[in-house]
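Heads up, the thing below is written out as structure tokens.
Counting starts at 1 for both ligands and their atoms, in listed order. Quick note: numbers below take in every heavy atom, side chains included, and nothing from hydrogens, waters or symmetry partners.
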Amino acid sequence: MTVAELRHDYSRAEVQALFDLPFNDLLARAHATHAAHHDPNAVQVSTLLSIKTGGCPEDCAYCPQAARHHTGVEAEKLMSLDAVLDKARQAKAAGATRFCMGAAWRSPKDRDVEKVADMIREVKALGMETCATLGMLTQEQADRFKTAGLDYYNHNLDTAPEFYAEIIHTREFADRLDTLACVRNAGLKTCCGGIVGLGETRTQRAGLLQTLANLPEHPQSVPINRLVQVEGTPLAGTALLDPFEFVRTIAVARILMPASMVRLSAGRAEMSDELQALCFFAGANSIFYGEKLLTTANPDTQRDRALFVRLGLVPMAVEHEYGTVHAEIAA
Ligand code: SAM
Ligand code: DTB
Ligand code: SF4
């Protein structure tokens with residue numbers, strides 16, 4: 001399938017029909033799509049760092065970093081450049097090829113933009129791909145980060161348009177689309193996905209994936225997060241999503257956006273190895289590696305290394321302007 005054949009006109013009914021397939025039929029179709037577009041045994045490995053933790057003015061009901069949720073996450077200041085670079089060097093030595101810097105902001109303040117631009121420039125100079133997730137951006141800010149050497153910007157749609165207002169009250173779905181347009185206009189690659197297990201219906205999960213696939217370009221990276229329930233957030237205690245429904249979500253994302261990287265994101269620490277293996281079979285081909293996501297736990301690196309060995313998975317190499325980097329997860 002060429003890029004021109006990638007579709008952007010999916011109907012909700014069509015996406016829902018994929019979700020409704022018998023599990024084995026859905027997985028067979030997703031895996032065939034996966035194998036036609038990607039090496040099914042290669043997994044891209046990124047490491048996350050929270051460069052500015054907590055105290056966020058937004059009210060996303062899932063998030064431990066919202067100032068109004070009493071979760072025990074303390075508000076911290078923006079990390080120093082040196083401290084960020086130390087973490088990036090460690091991530092590179094451990095085998096990550098991309099370093100993703102996250103900030104608990106509604107949007108970056110002008111005084112922060114140059115500091116983050118410095119971080120991006122220096123992380124890039126280490127020979128890693130760079131990603132940032134800093135909230136809403138203006139066109140000028142997106143352009144500035146591109147000039148600094150940013151490869152990817154993460155900005156999730158998080159849930160279906162019609163469910164958004166039940167989860168977030170401090171901004172609108174359209175605000176997310178506006179920032180994504182600035183990101184694309186700046187020539188940055190888009191990392192955009194969502195969270196499942198928020199109490200949404202299957203139709204709403206279909207709506208999230210339909211909206212992602214119908215964006216003007218498929219996001220190059222599509223993170224599928226399973227809600228990490230954090231005590232003190234309004235969503236703590238939400239009924240747990242059937243694990244097979246999570247696998248279905250990965251599979252449908254893979255079928256709709258065949259050329260994209262589908263990231264098995266938050267929630268892995270609470271997943272069995274068998275569930276993760278099903279997700280990789282269904283088309284997930286990237287993960288966050290390292291013991292922490294932003295504020296919550298990720299599987300420890302020893303467990304991930306063992307899982308890769310047991311499944312015959314290999315970390316994906318990356319080609320970029322610094323030459324070919326052969327990824328290897330350090331023993
Ligand atoms: N503040 C910026 C924003 O919201 O775009 C960037 C950081 S924010 C923490 C990045 C993403 O983390 C959110 O879009 C959401 O998908 C994910 N996330 C936050 N809390 C989560 C949780 N408890 N479980 C799963 N994913 C979560
Ligand atoms: C994404 O979609 N998931 C990551 C990354 N993009 C920034 C964040 C997950 C956060 C999980 C909750 C936490 O650790 O605070
Ligand atoms: Fe703030 Fe992002 Fe958390 Fe929402 S998801 S409260 S914007 S850090």
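Within 6.0 Å of atom CD in Q139, more than 12 heavy atoms from other residues, nucleotides or ligands are found, so the atom counts as buried in its surroundings. Counting non-hydrogen atoms of neighbouring residues, nucleotides and ligands closer than 6.0 angstrom, the CZ atom of F244 reaches no more than 12 such neighbours.
For ligand 2, the atoms sitting less than 4.0 Å from at least one non-hydrogen atom of P64 are 15 (O), numbered in the order shown with element in parentheses. Of all the atoms in ligand 3, the ones that sit under 4.0 Å from a non-hydrogen atom of Y62 are 5 (S). Short contacts between ligand 2 and T295, defined as distances under 4.0 Å to a heavy atom of the residue, involve ligand atoms 13 (C), 14 (O), 15 (O). Residue contact check: A103 has heavy atoms under 4.0 Å from atoms 1 (N), 2 (C), 6 (C), 7 (C) of ligand 1. Listed by number with element, the atoms of ligand 3 under 4.0 Å from a non-hydrogen atom of A104 are 8 (S). Short contacts between ligand 1 and A266, defined as distances under 4.0 Å to a heavy atom of the residue, involve ligand atoms 25 (C), 26 (N). Close approach of ligand 2 to P223 is summarised as follows: ligand atoms under 4.0 Å from at least one heavy atom of the residue are 2 (O). When each atom of ligand 3 is checked for a heavy atom of R171 under 4.0 Å away, the hits are 7 (S).
Relative ring orientation between H31 and H34 is described as perpendicular, the plane-to-plane angle rising above 60° on a 0-90° scale split at 30° and 60°.
Counting heavy atoms closer than 4.0 Å to ligand 1, residue R176 contributes side-chain atoms (C-beta onward) but none from N, CA, C or O. With a 4.0 Å cut-off on non-hydrogen atoms, N156 touches ligand 2 through its side chain and not its backbone. Neither the backbone nor the side chain of C60 has any atom closer than 4.0 Å to an atom of ligand 1 (non-hydrogen atoms only). When heavy-atom distances to ligand 2 are checked against a 4.0 Å cut-off, V230 has no atom that comes that close, whether in backbone or side chain. Under 4.0 angstrom from ligand 1, the non-hydrogen atoms of V228 come from both its backbone and its side chain.
Across L294, T295, I195, heavy-atom proximity to atom 26 (N) of ligand 1 is greatest for I195. The option with the heavy atom closest to atom 15 (C) of ligand 1, from among T233, T296, D158, is D158.
Of the protein's non-hydrogen atoms, the one nearest atom 5 (C) of ligand 2 is F288 CZ, 3.7 Å. The protein heavy-atom contact nearest to atom 6 (N) of ligand 2 is N154 OD1, 3.3 Å. Regarding atom 3 (Fe) of ligand 3, its nearest protein heavy-atom neighbour is C63 SG, 2.3 Å. Looking only at heavy atoms of the protein, atom 8 (C) of ligand 2 is closest to L294 CD1, 3.8 Å. Residue, atom and distance of the protein heavy atom nearest to atom 12 (C) of ligand 2 are T296 OG1, 3.6 Å. If you check which protein heavy atom lies closest to atom 3 (N) of ligand 2, you get N225 OD1, 2.9 Å.
Between the side chains of N225 and Y62, no donor-acceptor pair of N or O atoms lies under 3.5 Å.
When only interatomic distances are considered, the shortest N/O to N/O separation between Q65 and ligand 1 does not fall below 3.5 Å. Geometrically, ligand 2 and Q65 share no nitrogen or oxygen pair separated by less than 3.5 Å. The N/O atoms of C63, backbone and side chain alike, include none that comes under 3.5 Å of an N/O atom in ligand 1. In terms of N/O distances under 3.5 Å, ligand 1 is not approached by N154.
With F288 as the aromatic partner, R268 does not meet the cation-pi criteria of under 6.0 angstrom to the ring centre and within 45 degrees of the ring axis. In this structure, R248 forms no cation-pi arrangement with F246, as its terminal cationic atom is not both closer than 6.0 Å to the ring centre and no more than 45° off the ring axis.
Between K109 and D112, no side-chain nitrogen of the basic residue sits less than 4.0 Å from a carboxylate oxygen of the acidic one, so the salt-bridge criterion is not met. A salt bridge does not link D151 to R98: none of the charged nitrogens lies less than 4.0 Å from a carboxylate oxygen. Here R12 pairs with E162 in a salt bridge; the nearest charged N to carboxylate O distance falls below 4.0 Å. The pair R226-E270 does not meet the salt-bridge criterion, since no charged nitrogen lies less than 4.0 angstrom from a carboxylate oxygen.
For atom 5 (S) of ligand 3, a protein heavy-atom neighbour is present inside the 4.0 Å cut-off. Within a 4.0 Å radius of atom 20 (N) of ligand 1, the protein has at least one heavy atom.
Residue C56: an N/O/S atom is found under 2.8 Å from atom 1 (Fe) of ligand 3.
Under the 4.0 angstrom criterion for non-hydrogen atoms, G267 is not in contact with ligand 1. In this structure, G135 is part of the shell of residues with a heavy atom less than 4.0 angstrom from ligand 1.
Looking at N154, its side chain never comes within 3.5 Å of a backbone N or O of C131 through a donor-acceptor pair. Without hydrogens or angle criteria, Y153 side chain to L134 main chain gives a donor-acceptor distance under 3.5 Å.
The two atoms that bring L157 and F173 nearest to each other are O-CE1, 3.8 Å, heavy atoms only.
Paired with F145 under the rule side chain to side chain contact (heavy atoms under 4.5 Å, CB included), one option of T130, V183, I120 passes, and it is I120.
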